[in-house]
Each structure stands twice: as C-alpha cells, then as structure tokens.
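Atom set for the values below is all heavy atoms of this structure, side chains included, hydrogens, waters and symmetry mates excluded. First the proteins, then the strands, lettered A, B, ... as listed; each starts at 1.
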Number of protein chains: 2
Amino acid sequence: MSETGSAETPTAARPYHHGDLSRALVAAGRRILEADGPAALSLRAVAREAGVSPAAPYHHFKDKVELLDAVAEEGWHELGEAIAKGRAAAPTPRSVMSEIGVAYVRFARENPALYRLMYHAACDRAMMPDHAKDDNSAWRHVEEALIEAGADPADEQEMKLAQIAAWCTVHGVAEMAGFKEFEPLREAMGGEEPFVRALINHVGIFARRTRAHHD
Amino acid sequence: MSETGSAETPTAARPYHHGDLSRALVAAGRRILEADGPAALSLRAVAREAGVSPAAPYHHFKDKVELLDAVAEEGWHELGEAIAKGRAAAPTPRSVMSEIGVAYVRFARENPALYRLMYHAACDRAMMPDHAKDDNSAWRHVEEALIEAGADPADEQEMKLAQIAAWCTVHGVAEMAGFKEFEPLREAMGGEEPFVRALINHVGIFARRTRAHHD
DNA sequence: AGATCATCTTGACGCCGTTCAGATAGCTGT
DNA sequence: ACAGCTATCTGAACGGCGTCAAGATGATCT
C-alpha cells in the first residue's frame, strides 16, 4: 500500500494514472456540493478538484449526468443507513414510522444540496433510484416499518398507498422545513427538530392508525 | 390598436422597440419550457424566441434568475386560480381541503416543468413566493379552507401546523404522482386522478378531523 | 427641430459540456 | 527483457452559455 495507489487517499504524487478516479470524482463532487453549492458543481470544477484534466471524467462516466447520478446514489445509500438507525431507535412499534420520518428529514436537512440533487435526479427519470429494492434502501425500510407498525401486508393496495403517502409527506417536509415564513413557529416549538416532529406526527399515517379508513 | 404595439400580440412587424418586451420574454420562457423542457430554457433561447438579441433582456431583468422568477410568479398566480376553482367546486365544507389538494396536484401535473421551476425558485430562497399573502394566493386559500373545514382559527399553532403539513403532502404528491414504479397501482385505481385522490384522502388532514389530536 | 433617454444590437469575455487526436504507463504474452 | 495492447489521461478545439460595455436607434418632450 506504499504508493501503487489503489487506496482511496493517494497522498503521494498522483500515480499518474491516479489509481481510482471514479471514486475520487464522486468524492470531489460531494465536496464541491457542500462547500460551494449546487451552482458550482460543474464537470470541470469536479475534475479540477480531483486534479485531472476536464476530459478525464469521460473515461469513467459518459456524461455529467452520469457523474451526478453516482453522487446521488451515494446519497441514497446514506439515507438508507440514516433511516435504518432511526428505525432501530424507535421505542415502540407504533412509533417506528414516525422515527423513520424524522430521520429522513434530518438527513435531508443536514445535506440539503445533496438531497436536492438526489431528488432532482429521481424526478428527471420519474422514478426512485434503481436500488430501491435493495435490502437496506430507504424505500424498503418504510415498507417494512409499515408492517411492523401494524399495517396489513395482505392488503397490497392499502399498503402501497400508505407507503407512498408517507414518503410524499416527508419529502415535502424535508424540502420546506427550513422555509423562512415558518421561523416564528419553529422558534415557538423549540427549534427545527421538534417542529419537524410535530409536523410529521400531525399527519395521520405516522402517528395514528395505519389501516384503511374510507370513512 | 393598429400597430403601435402596446397590445400583447403585435402581429405587425416588430415596432422596432417591440412595445412590451418583458411580457413577451416571460411568455417566450413559458413556451420554451413547455415545448422543449427546462434544459432548453436559456436566456439566449428566450431572447431568440422573442426575436431580440441576447443582451436585450438585461434592460428588463437584471438576471437570468430574475426572468425565471417572473415566469415562476405567473405560475403561482395560475396555481392560485386553479385552487380557487377547486375550492369553489367542493360539495361540502369537509371536502374543501381534499378538493384543493386535488386541484393543486392537477395543476402541477399538467404543468410539470413550470411547477418544478416554481418550486426550484422557492427552495432557492427558502421561502414561498412573496405574494403568498395576496388574497388569491394558493397559500391563503389553504388557510381559509382549513377554517372552512372546521379548524379552530384561535389555535394559531395548530392551524399553522395543519396548513404546513397539508402543503408539504400535496407538494410531495405533486412531484411523485407520476413516478414509474407507481404505474401498476395507478392503473389498478383507474388512472392518475383517482390515484391522487386516494393518496390525498389517505393523509389524515384532508379527509378527517382537522383538530389537534396529540393522543 | 433638437435634445434626452429608454431601448435594442454588436461584439467581446470567460466558463461550460463535450469531442478527438495524441501522450503515458500498467498489463500481457513471449 | 522486450514488444505490443489497452486503459487511462492530456491538450486543444468547438459551439453554447451568462454577462457586460460601447454604440446605434427611435420615441418623447420642449
């Protein structure tokens, strides 16, 4: 591991063929995203940050889009992990959904630029990320949590509806929890976390019955 | 009204100073947005579509952003109108919220690129559009509808929470209702409209109690 | 008529995404 | 050890972008 450079941090001078550019590019992308915002996230800037020429990325990604997709996918993976933690930390089965929602929003609010990139990519192709059926995906966690919370797995339609509705709500909260006009209310409730919690618990699916109701 | 050109459609040759460029630019922007998608929405393309030089817009908008903001604002205005219609069409007071939600999502789904532009702008400045307190704004309509549906205007915190939660949910639904993985369910429910309706009615706030519950 | 002033055009700058021909070096088989 | 192969990276170039400064144009006012 001296300097042949398959490691992730080739502190030595570039091994000239750099070892592992694709990973380095994704990392550089995330760094730029967090440091300078999404407007600064150009292919050239990523290449610059990684220390290679502007054309180098094209040997690893066919597109700028494909590179950003890779960054987004990393985000989805981490979101899955964050949700898994929230799920595990739930005190009772009935609170699992709520805890997942809070964890989801917390991740989005702690990585706002990344989260926006993730959803931008998803909306562009009008679907969830491909690995949404992986065991540890955020999507899968919600599905399982619903069952855990008492939903009836036999009623597929009802299950799906609940899952989608829950997802839509937390997504909305994630995007708007920081809006300025909510600041008085946020303050009154003791900060963003309680505010988000109240918001989520306010929406039926999370805090209350998980079965159908059709009046 | 022969050709002096303060009208909105100067069918005659450009009155050379064009009459009303700012409006024409916004219209051109919307046309491009719907026809060629958001990726094609460049300042130069808008100028081209309006038949002026690339620098001309700078005499009416300080920025590309400011132009797009104007397009977005037009969108918010129309969303307000769409919601007003949905609200008026509600059969019972208890169904007002639900009808508003459906109208909201319908507008977003019928103008997807415009809606995305609107929300992009809103998220960028982390707040609703400035005219959110206008009498006919979408935001205001939700507030009034909540009261109409039986919410207690005295409990300000509860009111705000319900309003925000409802908004977050419809926004989420608006952005994801068209996702591909939901297609089987959408079909099974008879198309997008019933699907959206079910989703919205699924989420407490819209179909059920509007008062607090705190367990 | 002449002056004023908002409006529009021309031309330029630097940055962007992307491509392509060529340089570089690790790998393979001998 | 050497030659060739192939993956990887560089340099230079293209058109398009947002933006700006300088000049042209014409409506309006006196």
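- Distance from the side chain of A:Tyr58 is smallest to C:dT19 among D:dT10, C:dT9, C:dT19.
- To the nearest angstrom, P of D:dC17 lies 11 Å from CG of B:Leu41.
- Atom C1' of nucleotide D:dC17 and atom CG of B:Asp36 are separated by 16 Å, given to the nearest angstrom.
- In this structure, B:Ile32 places its CD1 atom 10 Å from P of D:dC17, rounding to the nearest Å.
- The CG-C1' distance, from A:Leu43 to D:dC9, rounds to 15 Å in whole Å.
- For B:Ala55, taking side-chain heavy atoms from C-beta onward, the closest of the listed nucleotides D:dA21, C:dG17, C:dC20 is D:dA21.
- Among the nucleotides C:dC8, D:dC17, D:dT10, the one closest to any side-chain atom of B:Arg44 is D:dC17.
- We find that CD of A:Glu66 is positioned 14 Å from C1' of C:dT18, with the value rounded to whole Å.
- A salt bridge links B:Arg30 with B:Glu78; the closest basic N to acidic carboxylate O contact falls under 4.0 Å.
- Going from atom CG of A:Leu25 over to atom P of D:dC9 covers 8 Å, rounded to whole Å.
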For this session: Just do the ring-ring contact (aromatic ring centres under 6.0 Å, His included) check on A:His120 and B:His120 with the steps written out, would you?
Result: CA-CA 10 Å; A:His120 187 85; B:His120 187 86; 7.1 Å; no

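- Taking the side chain of B:Ser42 as heavy atoms from C-beta on, and the options D:dC9, C:dT18, D:dC17, the nearest nucleotide is D:dC17.
- In this structure a side-chain-to-backbone donor-acceptor pair under 3.5 Å is missing from B:Glu158 to B:Pro153.
- Note on A:Arg48: a side-chain N or O is less than 4.0 Å away from OP1 or OP2 of C:dC16.
- No donor-acceptor contact under 3.5 angstrom links the side chains of A:His77 and A:Asp134, judged on distance only.
- Taking atom CZ of residue A:Phe61 and atom P of nucleotide C:dT19, one finds them 16 Å apart after rounding to whole Å.
- Summarising the geometry, the separation between NZ on A:Lys64 and P on C:dC16 is reported as 9 Å, rounded to the nearest angstrom.
- Salt bridge B:Glu193/B:Arg197: present, at least one basic N to carboxylate O contact under 4.0 Å.
- Between A:His60 and the phosphate of D:dC9, there is a side-chain N or O to OP1/OP2 separation shorter than 4.0 Å.
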